[in-house]
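Have a look at the structure below, then the notes.
Any value given below was found using the heavy atoms of this structure, including those in side chains, with hydrogens, waters and symmetry copies removed. Whatever order the structure lists them in is the order used to number ligands and atoms, beginning at 1.
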Amino acid sequence: MWMGGSLTNWIAMITMKLTLLLIVAYFFHCEGAVITSSEEQPAINNRPIIGILSQEQSFYLQGKYPKENYTSYIAASYVKAIEASGARVVPILIGKNREYYRDLMSKINGVLFPGGATYFNQSNGYADAGQHIYEIAQEFNEADDYFPIFGTCLGFELLIILASGRREKENRIQCNSSLSRPLNFTNDFRDSKMFKNAPQDLVDLLAYYDITVNAHQFCIVDENLKNFNLNKDWRVTSYSNDDKGVQFIATIENKRYPFYGVQFHPEKNSFEWKQSKNYPHSSDAVRANRYFMDFFLNECRKSSHTFRNVDEENEYLIYNYEPKFTGKIGSQYEQCYFFEPRRHRHCTV
Ligand SMILES: *[C@@H]1O[C@H](CO)[C@@H](O)[C@H](O)[C@H]1NC(C)=O
Ligand SMILES: *[C@@H]1O[C@H](CO)[C@@H](O)[C@H](O)[C@H]1NC(C)=O
Ligand SMILES: *[C@@H]1O[C@H](CO)[C@@H](O)[C@H](O)[C@H]1NC(C)=O
Ligand SMILES: *[C@@H]1O[C@H](CO)[C@@H](O)[C@H](O)[C@H]1NC(C)=O
C-alpha cells in the first residue's frame, strides 16, 4: 500500500518534471537561446565577467607616483589576457570587509588571483582578501553555485597557502626561477579538468619548448603538499625546474572545486614586453599560453551570476579606470591600473 502510493507519486512527479522540461525547452528553443536543461550541464553564460584581485601598491610604483598614494594596483596584462579569451573584468579591491567580497562575487563569474610581489602577512592586504574570496567560493560551490578561481604565480602560491591554513611559516619554499621552461606533465595529466580537452599540439608545445615564463622566488614542491595532506584535494598536472634544477609544481587543480593554479605567467607572452626579461613572444608561445585563460573562461561560463542590469555592470567594470603606461617609467609591467588614492587624513575630532 505504502510502496504503491509512493511509486504513484514518484511517477506523477517524474511526469510533471518531464512536462515542465519540455515546455521550458520549447520556449527557449524559439528564443534561439542556448540552454541545457539537464542538471549535470549548467547553462552556458556567454557574457562572463571576471574579478581580478588587486594587490598592495608595489614599492617601485609608489616611488614613481609618490603624490598619488595609490593603495593597490593590477597589471593590465591580466586584464587583457581575460579580454582576449572573451570576457570583461572588474577590479576587486583589497582592505574591504567580507560582505564586499560576497556581494561582488554574487555578481561575477570567477576570480583571478594575479601574480606580483607582496607579503601574505599584511593585514587587510592581498592575502586577507584572497582568503575571503577562497572561503566564499567554497561556500558557493558547496551550494551548487559553480564559481571558479584561477591563481597565477603568487596567486597560485596563495591558493596552496590558503588550502594549508595560513600560519607564520608559510607552506612554500624559497627558490629562484627566472627562466622560461617547458612543462613536465604527470603521467595522468590527461585525466585532469585542465588538460582533459587540451589540443595535443598545444600540449606538445608546452612539453617540449621553453615557453612558460617563470618569475618567482618561492616554489611549491611535492613536500609542501605532503606536509599538509593536500594530495587528497589537489591534483598536480605538471612540474618545471627552477634555475638550479629544483623541481617545483607548475600546474595544479582542486579535485572538488573549480580552483586552478599555474606557477608561471601565461599572460606575459602576449602582453608584457620588457626587453631585458626575454619573454617568449613567438607565435607558438603566444598560442600555447593563451590556452590557460581560454580554459579558465570556459569554466567561468558555467557560472550564471549577473549584475542587476547594465547600469550596475558599468559602475563596476575596469573601464572606469585608465591604465598608465608604466613600461615607459621602467616598470616590468607595460601598463597598470591603480586604485584608491590614500588621502592624507586630518584629525577631525
Ligand atoms: C612579513 O613578512 C616579511 C618577510 O618574511 C617580513 O620582513 C615582515 O616584517 C613581515 N611583516 C609583518 C607585518 O609581520
Ligand atoms: C636565490 O638567488 C639569490 C641571489 O642570486 C641568492 O642569494 C639566494 O641564496 C638564492 N636562493 C635559493 C633558495 O637558491
Ligand atoms: C619529470 O617529472 C618526473 C616526476 O617527478 C621526474 O621523475 C623527471 O625527472 C622529470 N623530468 C625532467 C626532465 O625534469
Ligand atoms: C600621501 O602620503 C603622504 C605621506 O603619508 C602625505 O604626506 C600626503 O599628503 C599624501 N598625499 C595625498 C594627496 O593625500
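- Using modelled atom types, one finds no donor on one side chain facing an acceptor on the other under 3.5 Å when comparing T186 with T237.
- Within the 4.5 Å cutoff, the side chain of I49 has heavy atoms near those of the E313 side chain.
- Two rings, from F113 and F150, have their centers 6.0 Å or more apart.
- Inclusion of N121 in the set of residues having an N or O under 3.5 Å from an N or O of ligand 1 is warranted.
- The six-membered or imidazole ring of F195 lies near that of F185, with a centre-to-centre distance under 6.0 Å.
- Within the 4.0 angstrom cut-off, atom 11 (N) of ligand 2 has one or more protein heavy-atom neighbours.
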Task: Audit row: Y279, S180, side-chain contact (heavy atoms from CB on, under 4.5 Å) steps and yes/no - done: CA-CA 7 Å; Y279 299 135; S180 295; 5.6 Å; no
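- Under the 30°/60° scheme for interplanar angles, the aromatic rings of W234 and F259 are found to be tilted.
- Of the protein's heavy atoms, Q174 O, 3.7 Å lies nearest to atom 13 (C) of ligand 2.
- Regarding atom 4 (C) of ligand 1, its nearest protein heavy-atom neighbour is Y119 CE2, 3.4 Å.
- When non-hydrogen atoms are compared, ligand 3 lies under 4.0 Å from neither the backbone nor the side chain of T186.
- The distance from ligand 3 to the heavy atoms of N241 drops below 4.0 Å at these ligand atoms: 14 (O).
- Closest protein heavy atom to atom 5 (O) of ligand 2: N176 ND2, 4.6 Å.
- Between E139 and R98 there is a salt bridge, with a side-chain nitrogen of the basic residue lying less than 4.0 Å from a carboxylate oxygen of the acidic one.
- Protein heavy atom nearest atom 6 (C) of ligand 3, with residue, atom name and distance: Q247 OE1, 3.8 Å.
- Closest protein heavy atom to atom 14 (O) of ligand 2: K244 NZ, 3.0 Å.
- For atom 1 (C) of ligand 3, the nearest non-hydrogen atom of the protein is N184 ND2, 1.4 Å.
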